[in-house]
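Naming: A, B, ... by sequence-line order, numbering from 1 per chain. The model shown is predicted, which means the values in this text are computed figures rather than measured ones.
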Protein chains: 2
Amino acid sequence: MWQCQGVTRPAAPAGAVRQGSLRELNLAVVLGRIAAAPRPPSRADVAAVTGLTRATVSAVVDDLVAGRLVGESEPAPRTGAGRPARGLVLAGNGPAGLGLEINVDYLAACVVDLAGEVRHHTVRRADLRPVSPADALARLAELAAVARVDAERQGLTLAGAALAVPGLVDAAGLVRLAPNLGWRDVPVPELLSGHPPLVDPVPGIPPLVVENEANLAALGELHADPDGPVSFLHVSGEVGIGAGIVLDGALFRGVRGWSGEIGHIPVQPEGRPCRCGGRGCLERYAGQEAVLAAAGLDRTNLPADTAAARLADLASADHPAARAALAEAGQALGIAVAGVVNLLDLDTVVLGGGYALLTPWLRPPVLAEVSRRVLTAGWSPVTVRPSALGPEAAVVGAAGSVVRRIVADPVGWLNRTG
Amino acid sequence: MWQCQGVTRPAAPAGAVRQGSLRELNLAVVLGRIAAAPRPPSRADVAAVTGLTRATVSAVVDDLVAGRLVGESEPAPRTGAGRPARGLVLAGNGPAGLGLEINVDYLAACVVDLAGEVRHHTVRRADLRPVSPADALARLAELAAVARVDAERQGLTLAGAALAVPGLVDAAGLVRLAPNLGWRDVPVPELLSGHPPLVDPVPGIPPLVVENEANLAALGELHADPDGPVSFLHVSGEVGIGAGIVLDGALFRGVRGWSGEIGHIPVQPEGRPCRCGGRGCLERYAGQEAVLAAAGLDRTNLPADTAAARLADLASADHPAARAALAEAGQALGIAVAGVVNLLDLDTVVLGGGYALLTPWLRPPVLAEVSRRVLTAGWSPVTVRPSALGPEAAVVGAAGSVVRRIVADPVGWLNRTG
DNA sequence: GCCAAATAATTCAACCACTGAACAAATAGC
DNA sequence: GCTATTTGTTCAGTGGTTGAATTATTTGGC
């Protein structure tokens with residue numbers, strides 16, 4: 001009688017449900033089930049799970065197969081008596097997503113197919129700070145062209161691209177600020193428009209999304225582990241510190257897409273001045289520069305992407321300054337994370353980017369601060385674990401965001417004219 | 001060509017769309033449109049906005065009118081030539097929500113109809129700290145019974161109830177901890193089960209939801225201003241400090257419903273010890289107790305609910321200690337809010353509860369810290385404004401959460417057997 | 001005062017996609 | 001080889017939307 005449940009998000013009555021929407025919605029439902037299933041399901045399995053009849057599922061699957069979104073796995077999984085089922089899998093010769101990344105000392109491109117498999121991956125190391133944005137994007141376009149050729153050779157069609165950038169991006173793809181690259185107000189889509197198109201346009205799928213790398217890394221982590229938590233904080237420790245917030249299986253971007261600036265959460269209100277204008281920001285205690293300085297390392301002759309590995313080596317060898325530096329960084333990180341957990345009630349924190357390698361030394365102080373400062377820590381333990389993808393999370397997440405979009409709404413792909 | 005847009009939440013393929021779902025979904029769509037319209041729309045208006053045909057809208061509206069969810073406003077709005085439209089309004093004689101609140105020094109009950117109008121409101125002042133949870137809930141049940149009679153006298157049917165509690169509530173309605181009430185592990189639904197039922201059961205609508213007051217207050221604020229922001233932080237300053245986070249028009253509750261514990265965000269990592277076990281929590285700098293002490297007021301002979309008014313009076317009269325106390329509280333609040341805004345990229349902060357009255361003195365220091373510490377403050381101003389509902393936000397929000405649920409999913413009400 | 005234009009709401013045959021049951025296909029076990 | 005069992009397809013039936021035609025009710029011009 002006194003059944004209780006939380007105040008849930010209202011079932012969004014976004015748009016009206018027209019006649020044809022029925023099929024459109026069920027295409028997404030069936031495709032989503034096939035994508036989420038641990039092993040290739042039969043039509044009958046899908047029908048049982050969704051509540052649709054087998055007749056309907058068959059009809060929907062026919063459409064999906066005709067549109068190269070779903071294939072049948074020939075060696076059907078055997079169960080027992082009865083006619084053997086034909087397993088349904090996401091097509092490996094249909095649409096794919098192009099992931100791109102520009103970072104301080106490398107460019108990267110990768111291709112991910114519908115099933116989430118990485119089918120192509122290139123990283124080109126280069127210090128991009130002295131390079132103009134236009135030149136950097138020109139080099140990126142070359143990588144993209146190579147990726148596209150490789151994808152087509154494998155029977156894939158690039159349906160969209162996402163570019164990870166270490167900075168703040170607005171809704172139009174303008175990079176407002178990427179401090180570590182030295183970029184300010186760089187109109188990425190415009191600068192790329194002179195180059196050959198990256199992808200084949202598909203209705204409903206934006207050809208290029210420019211997004212903060214920490215956000216895309218969080219998405220990558222989300223999709224890397226289908227059985228993982230659906231709500232978590234992903235903290236990327238690079239030169240700066242960014243965070244991606246995943247809530248209920250979706251990236252939370254904030255009002256303007258600028259969420260996750262955890263690096264500027266105050267951890268010592270009147271502490272060290274920060275280039276953001278504030279004082280005592282987390283970045284000044286747990287950012288790469290601060291940790292290297294505390295460990296007594298000279299960052300000028302240490303490539304940014306090897307700093308974490310170097311620190312991990314030293315810490316493994318019981319180097320006292322490195323250990324102390326990581327303990328201090330972990331404590332600062334823990335103070336910020338405690339605030340986040342108090343605010344958002346998350347139960348999982350993923351340490352990504354450079355932090356992934358350093359998890360053994362960062363986790364204890366982070367957990368100590370969390371258990372001390374989080375009101376609900378007694379009832380609900382917080383898990384702190386390293387990223388599964390590490391530094392590749394952003395590119396892979398970028399490519400994955402494209403295919404996820406197609407899985408969530410396959411109608412555009414199915415209706416494409418090409 | 002290079003159209004850009006953010007990585008959006010995937011269209012949730014929650015459940016399969018069966019044949020009948022079509023009508024169910026459209027009932028919600030049409031009802032939602034009628035609810036959201038600034039003035040009573042005609043059937044034709046709804047058809048134009050939703051994209052459904054007028055024939056369909058008429059059929060759907062017939063169902064809604066038959067189910068007492070929608071009525072026709074007799075004095076139809078005149079437009080020009082043509083047959084006059086009949087305005088559609090949410091019914092004032094259909095379902096309503098019962099809002100309840102238990103706080104430190106009062107009990108409250110209110111009834112809100114589908115349109116969001118408050119049709120009944122009672123507050124009973126009493127210090128509930130010395131009262132046992134069972135007795136407190138017994139008194140609350142009396143208030144509820146009175147509210148129910150009044151609602152029925154007005155032709156309303158109570159379809160569900162929500163109870164606001166100043167504490168942490170789990171999914172089963174168990175109040176794990178309500179420090180200022182002195183409650184710990186109070187099974188509210190069980191204690192209320194001996195009393196006459198609060199509401200008439202409706203399928204799909206939980207008869208009683210127990211929820212944190214700050215969360216419900218944020219919902220109240222959301223519905224109080226239909227043209228207001230859909231994402232904001234609502235900070236309730238009472239004895240403790242709680243926050244409700246509204247994202248895209250929905251309350252964000254966290255993994256276990258324990259989000260919003262902004263009072264325990266560290267603002268001085270090694271500062272004043274807090275009863276939560278941590279140090280330097282916001283509550284120790286901007287909570288009622290801290291502010292009163294800083295202002296030189298004795299909180300023991302000052303009822304909790306008049307403390308804010310007293311402070312506002314003193315501050316208005318240029319009382320130096322009160323001014324200084326509020327400046328210090330505002331600064332601490334600003335540090336915490338800056339962290340939240342950096343993390344979530346919100347552009348609106350609503351000061352509620354006791355803070356509403358104190359906004360003139362809290363806003364400047366809060367804004368100062370925000371503009372100093374938020375990375376994106378230069379491009380995106382943050383608005384800090386007082387709550388529109390003030391201390392009534394939680395009860396009204398509680399009752400409103402019930403009717404919102406019905407509007408979002410009217411099928412349960414329409415299919416009820418009663 | 002009457003008629004045309006305009007807008008609102010309803011009616012109705014057509015159609016689309018799902019439903020449910022029957023049926024064909026394919027295998028395991030006896 | 002026969003039965004039980006499960007998968008997948010076929011097909012008439014049905015619910016709900018569609019679009020056009022029709023009715024209803026007002027304004028405005030002559």
Considering heavy-atom distances to DNA chain D, does A:Q19 or A:S42 have its closest nucleotide positioned more toward the 5' end? A:S42

Nearest-nucleotide 5' precedence on DNA chain C, A:R54 against A:L22: A:L22

Nearest nucleotide by nearest heavy atom, which residue falls closer to the 5' end of DNA chain C, B:D45 or A:T56? B:D45

Nearest whole angstrom, please: distance from the [atom2] of [N] to the [atom1] of [X].
X     : N      : atom1 : atom2 : result
A:R86 : C:dT27 : CZ    : P     : 11 Å
B:L52 : C:dA9  : CG    : P     : 15 Å
A:R18 : D:dG16 : CZ    : P     : 17 Å
B:E24 : D:dT17 : CD    : P     : 11 Å
B:R43 : D:dA24 : CZ    : C1'   : 13 Å

Within the 4.5 Å heavy-atom criterion, are [X] and [Y] side-chain neighbours or not?
X      : Y      : result
B:L219 : B:R404 : no
B:L158 : B:L156 : no
A:I34  : A:L90  : yes
B:L98  : B:V402 : no
B:Q19  : A:T53  : no

If the cut-off is 4.0 Å, is A:R23 near the phosphate of C:dC18, judged by side-chain N/O to OP1 or OP2? yes

According to a strict under-4.0 Å criterion, is B:T53 in side-chain N/O contact with OP1 or OP2 of D:dT18? yes

If I take atom OG1 from residue A:T157 and atom CG from residue A:N93, how far apart are they, to the nearest 0.5 angstrom? 8.5 Å

With sugar-phosphate meaning primed atoms plus P, OP1 and OP2, does A:A55 contact a base, only sugar-phosphate, or nothing at under 4.0 Å between heavy atoms? base

Over all strands shown, is A:S58 touching base, sugar-phosphate only, or nothing at heavy-atom distances under 4.0 angstrom? base

Hey, is the main chain of B:E24 close enough, under 3.5 Å, to the side chain of B:S21 for a donor-acceptor pair? no

With 3.5 Å as the limit, what N/O pairs link the protein to nucleotides 3-6 of chain C?
none

From D:dT7, C:dC18, D:dT17, nucleotide with atom closest to A:N26 side chain: C:dC18

